[in-house]
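Following: one structure in structure tokens, then a few remarks.
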Amino acid sequence: MSGKYEIRFAKSAPLEKTLAVMLQVADQGAPAGLAEADPQGLSARAAEISGFKAKSMGTLELIAPGGSTADRLLLLGLGKPEALTAHDWLRAGGAAAAQFKSSSNVVVFLDAPGLEVSAHQAADFALGVMLRGYTFDAYKTKKKDDDEKLPKKVAVTIVTVSHAEAAKLLDDANAVAGGVLLARDLVNLPPNVLGPVEFAEKARQLEDLGVEVEILTEKDMGKLKMNAILGVAQGSARPPRIAVMQWKGGKAKDAPIAFVGKGVVFDSGGISIKPGAGMEEMKGDMGGAAAVTGLMHALAARKAKVNAIGIIGLVENMPDGNAQRPGDIVTSMSGQTIEIINTDAEGRLVLADALWYCNDRFKPRFMINLATLTGAILVALGNLHAGLFSNDDELAARLSAAGEATGEKLWRMPLGKEYDKMIDSKFADMKNSAGRHAGAITAAQFLKRYVGDTPWAHLDVAGTAMNSPSSEISQSWASGYGVRLLDRLVRDHYET
């Protein structure tokens, strides 16, 4: 869990009864910390015998040889120095943490020959350690024997010449890690535990960090004429909520930036019910709302110098006798009418009212929404990129750059009038589904009708927020995708 590792930076550290992690780059000779951890240089012989070449994220573990006071040594390869990216430092931290095993004291030597490790790279390594340490086992009553032997706390000392500056960045790393792990927890929680009301209360807990939180009930939504989101919720016994989170870290006169998340806590498909196989995964259909909540945690915890709004629409989509029907027509908060073609195209209805409300009330500099919106984006991009749709080239370019830097990658998809025509309705202003062809694009075209001239981006995270591939920094079903991406966007471009 998030509190498992106690991390500090130092100029040096004692090695008695420790795991010594020694970073090494390819084709550059010795690993970091050789004089301290392996004064006789016997690890070089072990590397030769095993064929360890310090390739990126390669590891070699050995019992500490004579002359070393450590218990174990771990050589960790970084590959060629010129190929290292910022994301590789997170991966390295995760790869190291994966080998901590039963060690309760770990010393990491970062400064491999051939490298000049910056404070930011050192902090990224620490963040990678934190992210790899996440597990979700709250509902397991029996632990594996190996798990019982793992220490509850691990002291990690990272030795580097940039220790003083890196230590100043550790609070920020902890803030971002906290946001990512919060998002993972929210997506992983079972749907009987995390309904719309319970999710809203999770958002309210951000008040402890200085976030102003307001919860809109179904009565409030009715007064605002949010019939699109209310239509989705009417089939569930559990009432909807909208959580409005405000972080005021910038100047009072500065317009805020805004993030809007789809929070369908469970999506049965409604009357257009989904197939039963795999439906349990629809507890993760609130991955966009989880990311927005995690982002607001990160911004507040690191005291970001920006005014930011987070709005999450929280509903459950169920098929009871009062549920919305195909053929129904609803009037959204904007006054635009929507013909319901498919009740399983519900996320865009939730976002339609949330985006309009956000734009109308807060007049933000830009809006970015995140949603596990379409299976079509999975068909197009798999689970290695999220889909990016935008009406603003500068915002899209900044998001793409943040994605490359963080490893939470985006691929820009098209928008256009031709696609827009596909959602025109015979009976209303628009329909909520145009069928399978270009499904991710027509969903984005639908959302675009609710943002006006405000710079806007839609991130379809259906393939990246849940059931994501395992990596050095995530072994969880829920990835927390979007928190680091958007924190990096804010950090690089929008803080005063």
Side-chain angles (χ1 to χ4, degrees), residues 136 138-139 181-206 213 215-218 220-221 226 228-245 259-274 276 278-297 310-320 322-324 343-354 369-375 460-462 464-467 476-483:
F136 186 81
Y139 294 92
L181 302 193
L182 171 59
R184 289 180 184 174
D185 272 348
L186 290 168
V187 174
N188 280 329
L189 280 168
N192 59 318
V193 171
L194 191 75
V197 173
E198 292 81 9
F199 199 140
E201 289 307 308
K202 294 284 188 182
R204 193 187 293 279
Q205 291 174 12
L206 296 186
V213 181
I215 307 298
L216 305 184
T217 66
E218 66 271 34
D220 300 319
M221 296 178 219
M226 291 182 166
I229 187 172
L230 288 172
V232 177
Q234 72 189 41
S236 173
R238 299 198 283 186
R241 293 289 184 267
I242 289 178
V244 181
M245 299 165 277
F259 305 92
V260 180
K262 170 190 171 184
V264 180
V265 297
F266 185 77
D267 180 20
S268 69
I271 295 297
S272 307
I273 196 164
K274 295 176 180 291
M279 194 192 288
E280 71 280 0
E281 294 190 352
M282 288 301 98
K283 70 174 187 175
D285 207 20
M286 30 60 69
V292 170
T293 308
L295 173 67
M296 296 302 292
H297 173 104
I311 294 179
I312 51 176
L314 305 170
V315 299
E316 182 176 52
N317 188 22
M318 296 292 278
D320 84 345
N322 193 47
Q324 188 165 247
T343 64
D344 194 24
E346 85 298 330
R348 64 203 72 182
L349 301 175
V350 173
L351 290 171
D353 280 341
N369 71 257
L370 296 90
T372 51
L373 206 63
T374 67
D460 193 335
V461 298
T464 53
M466 56 181 175
N467 206 17
S476 168
W477 184 77
S479 66
Y481 181 98
V483 176

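Bear in mind that the values here come from a model prediction, so they are computed numbers and not experimental data.
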Heavy-atom check, side chain of [X] versus side chain of [Y], under 4.5 Å:
{"X": "Met286", "Y": "Ile312", "value": "no"}
{"X": "Val265", "Y": "Pro196", "value": "yes"}
{"X": "Thr374", "Y": "Arg348", "value": "yes"}
{"X": "Val187", "Y": "Trp477", "value": "yes"}

Criterion side chain to side chain contact (heavy atoms under 4.5 Å, CB included) on Leu189 and Lys283, from CA distance to verdict | CA-CA 8 Å; Leu189 280 168; Lys283 70 174 187 175; over 6 Å; no
Hey, what do you get for CD (Glu346) to CG (Asp267), rounding to the nearest 0.5 Å?
->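 Rounded to the nearest 0.5 Å, the CD-CG separation comes to 3.5 Å.
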Inter-residue atom distance Ile242.CD1 - Met226.CE, 0.5 Å rounding =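 One gets 4.0 Å once the value is rounded to the nearest 0.5 Å.
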Applying side chain to side chain donor-acceptor pair (under 3.5 Å), name anything that partners Thr372, two or more places apart in sequence or on another chain.
->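 Checked Thr372 against side chain to side chain donor-acceptor pair (under 3.5 Å); matches are Asp285.
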Non-neighbouring partners of Glu198 that pass salt bridge (charged side-chain N to carboxylate O under 4.0 Å, His left out), sequence neighbours left out |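 Here no residue qualifies.
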What residues form a salt bridge (charged side-chain N to carboxylate O under 4.0 Å, His left out) with Glu201, not counting sequence neighbours?
->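 For Glu201 the salt bridge (charged side-chain N to carboxylate O under 4.0 Å, His left out) partners, ignoring immediate neighbours, are Arg204.
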For Met221 and Ile229, what are the C-alpha separation, side-chain angles and deciding distance, and is it a side chain to side chain contact (heavy atoms under 4.5 Å, CB included)?
-> CA-CA 8 Å; Met221 296 178 219; Ile229 187 172; 3.9 Å; yes
For [X] versus [Y], what's the shortest heavy-atom pair and its separation?
{"X": "Gly270", "Y": "Asn317", "result": "N-ND2, 3.5 Å"}
{"X": "Ala291", "Y": "Gly482", "result": "CB-CA, 4.5 Å"}
{"X": "Ser268", "Y": "Ile273", "result": "O-CG1, 3.4 Å"}
{"X": "Leu314", "Y": "Ala289", "result": "CD2-CB, 4.2 Å"}

Worked verdict on Val264 versus Glu316 for side chain to side chain contact (heavy atoms under 4.5 Å, CB included) | CA-CA 5 Å; Val264 180; Glu316 182 176 52; 6.0 Å; no
Would you check, one step at a time, whether the test side chain to side chain contact (heavy atoms under 4.5 Å, CB included) holds for Val483 with His297?
-> CA-CA 9 Å; Val483 176; His297 173 104; over 6 Å; no
